[in-house]
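Structure first, commentary second.
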Amino acid sequence: MIPPEPPPPTLRLSVDTQALADNWRALDRLSGSASAGAAVKAQCYGLGVDTCVPRLRDAGCTRFFVAHWSEVAAVAQHVPTSSIAVLHGAINAAEIAYARASGAVPVINSTEQAQAWSESGGGACHLMVDTGINRLGVGMEELSSDTVQGLEVDILMSHLACADEDSGRNHAQLEQFRSAVQRVPHRQASLANSAGIALGSEYAFDVTRPGLALYGGVPRSELGSHIKPVASIQAAVLQVRDVQAGDAIGYNGEFVAQGNMRIATVSLGYADGFLRSRGKDGVVIVDGDHCRILGKVSMDMIVIDLANAPDLATGDWVNVPFDLPHAAQQSSVSQYELLTMLGGRLRP
């Protein structure tokens with residue numbers, strides 16, 4: 001038996017695709033003579049490939065970056081496969097075969113990958129150079145090897161480790177990358193992520209690779225006036241009740257009512273990416289008024305104080321604050337994590 005269509009969900013994730021397009025245009029403009037690509041890995045940082053990629057494409061983006069080969073097919077529904085770069089590279093025969101068959105471009109990260117790619121027939125690829133993050137990438141000392149020199153490199157790239165900070169490592173990596181640019185034949189060069197764009201034009205080269213800032217994150221204050229919020233969340237009220245002085249609310253009785261209160265249980269929890277760290281001193285918003293969260297965040301529910309919204313009823317909706325810089329500061333969870341941890345029930 002095929003089950004019937006389910007009723008409407010009690011959670012809403014809204015994506016302002018106009019703000020998304022505006023953010024890409026702003027980042028493209030801030031990239032100067034370079035063109036901005038788009039990191040669309042992890043389902044566009046949790047906001048949905050089908051929602052975000054077409055709008056980025058229509059805004060003018062022509063370069064798209066994913067992490068896994070499993071992410072290629074969804075993005076390729078909307079853009080040419082040859083415009084998709086896979087950051088984890090091609091580390092085995094199956095991935096090389098998929099690259100050949102799909103047309104997506106591997107980012108070569110080691111001399112072993114470089115050799116395997118060349119032995120399989122070579123062709124256009126990207127090359128990641130490690131300039132100091134010690135994560136993925138060919139070492140500076142390996143750039144002169146015949147294996148690396150024999151690659152047909154479209155984009156030569158590296159990744160900044162501390163672009164969101166005023167760190168001397170940024171300039172050190174820039175100098176290392178300038179050296180790599182002189183040593184490896186390539187068509188284009190790329191160093192700056194979202195925060196790197198804010199460091200200035202010398203970091204931009206030919207292609208920038210913004211991610212977080214596209215989706216409303218602000219990794220450096222210089223971007224604050226240019227980036228618009230993209231995502232918003234609403235959750236439905238499941239139940240309203242009255243409690244008496246001395247009643248404990250939620251797990252471990254962490255909150256105890258000091259007087260009679262009217263409270264509501266809301267359909268939102270840590271399974272939806274709303275972590276317990278956001279419950280402490282946290283609020284939801286009802287018609288512009290703040291309703292504080294009481295006690296611990298549960299897996300699927302939070303409880304709120306209705307002192308500022310006494311008329312809220314079962315089935316009504318509350319707004320969940322999702323201004324990324326503010327939410328990160330309030331919860332001590334990074335903006336990247338706030339976006340990418342959105343649960344499967346929150347989909348546009």
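The basis for the numbers below is simple: all heavy atoms, side chains too, and nothing from hydrogens, waters or symmetry mates. Only a predicted model underlies this, so the values are computations on that prediction, with no experimental measurement involved.
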Can D164 and R220 be counted as an ion pair, charged N to O under 4.0 angstrom? no

Between the side chain of S331 and the main-chain N/O of A327, is any donor-acceptor distance below 3.5 Å? yes

Parallel, tilted or perpendicular: which describes the rings of W69 and Y98, with under 30° parallel and over 60° perpendicular? perpendicular

Classify the ring geometry of F205 against F177: parallel below 30°, tilted from 30° to 60°, perpendicular beyond 60°. perpendicular

Could you check whether any side-chain heavy atom of K296 comes within less than 4.5 Å of a side-chain heavy atom of N252, counting everything from C-beta outward? yes

Applying the 4.5 Å side-chain criterion to the ILVMFWY set and letting contacts propagate, would F255 and M299 be lumped into a single cluster? no

Contacts of D154 that satisfy salt bridge (charged side-chain N to carboxylate O under 4.0 Å, His left out) - sequence neighbours left out: R63

Distance alone, cut at 3.5 Å: any donor-acceptor contact between the side chains of S334 and E337? yes

Is it true that a side-chain atom of S118 and a backbone atom of Q115 form a donor plus acceptor pair closer than 3.5 Å? no

4.5 Å side-chain heavy-atom contact, L136 and H88: yes

T131 side chain to Q176 side chain, donor-acceptor N/O pair below 3.5 angstrom: no

Determine yes or no for a side-chain-to-main-chain donor-acceptor pair under 3.5 angstrom, with R169 supplying the side chain and G132 the backbone. no

Contact summary for A163 and N170, nearest pair of heavy atoms: N-OD1, 3.3 Å

Could you check whether any side-chain N or O of T17 sits under 3.5 Å from a backbone N or O of L20, counting only pairs where one atom can act as donor and the other as acceptor? no

Just verifying a value: how many Å separate Q239 CD and T265 OG1, rounded to the nearest 0.5 Å? 5.5 Å

Answer yes or no: is there a side-chain heavy-atom contact under 4.5 Å between I91 and Q113? yes

If you measure only the distance, is there a donor-acceptor pair under 3.5 Å linking the side chains of H290 and N308? no

With a 4.5 Å cut-off on side-chain heavy atoms, are L214 and L56 touching? yes

So, do L212 and V218 sit near enough that their side-chain heavy atoms are less than 4.5 Å apart? no

May I ask you to decide if V138's main-chain N or O and D130's side chain share a donor-acceptor pair within less than 3.5 Å? no

Heavy atoms from other residues, nucleotides or ligands near CG of D242 exceed 12 (cutoff 6.0 Å): yes

Using a strict cut-off of less than 4.0 Å between a Lys/Arg side-chain nitrogen and an Asp/Glu carboxylate oxygen, indicate whether D22 and R25 qualify as a salt bridge. yes

Is there a side-chain contact between V129 and L143 in this structure, where contact means two heavy atoms from C-beta onward sitting under 4.5 Å apart? yes

Should D300 and R345 count as an ion pair when the cut-off is N to O under 4.0 Å? yes

How close do G46 and L342 get, heavy atom to heavy atom, and via which atoms? O-CD1, 4.2 Å

Should I227 and L27 be marked as a side chain to side chain contact (heavy atoms under 4.5 Å, CB included) after you check the CA-CA gap, both sets of side-chain angles, and the distance that decides it? CA-CA 8 Å; I227 299 303; L27 293 161; 4.2 Å; yes

Hey, are Q18 and R55 close enough side-chain-wise for a donor-acceptor pair under 3.5 Å? yes

Could you state the interatomic distance from CG (L30) to CD (E222), rounded to the nearest 0.5 Å? 10.5 Å

Q173 side chain vs H159 backbone, donor-acceptor pair below 3.5 Å: yes

Give a yes or no answer on whether the side chain of S190 reaches the backbone of V207 with a donor-acceptor pair at less than 3.5 Å. yes

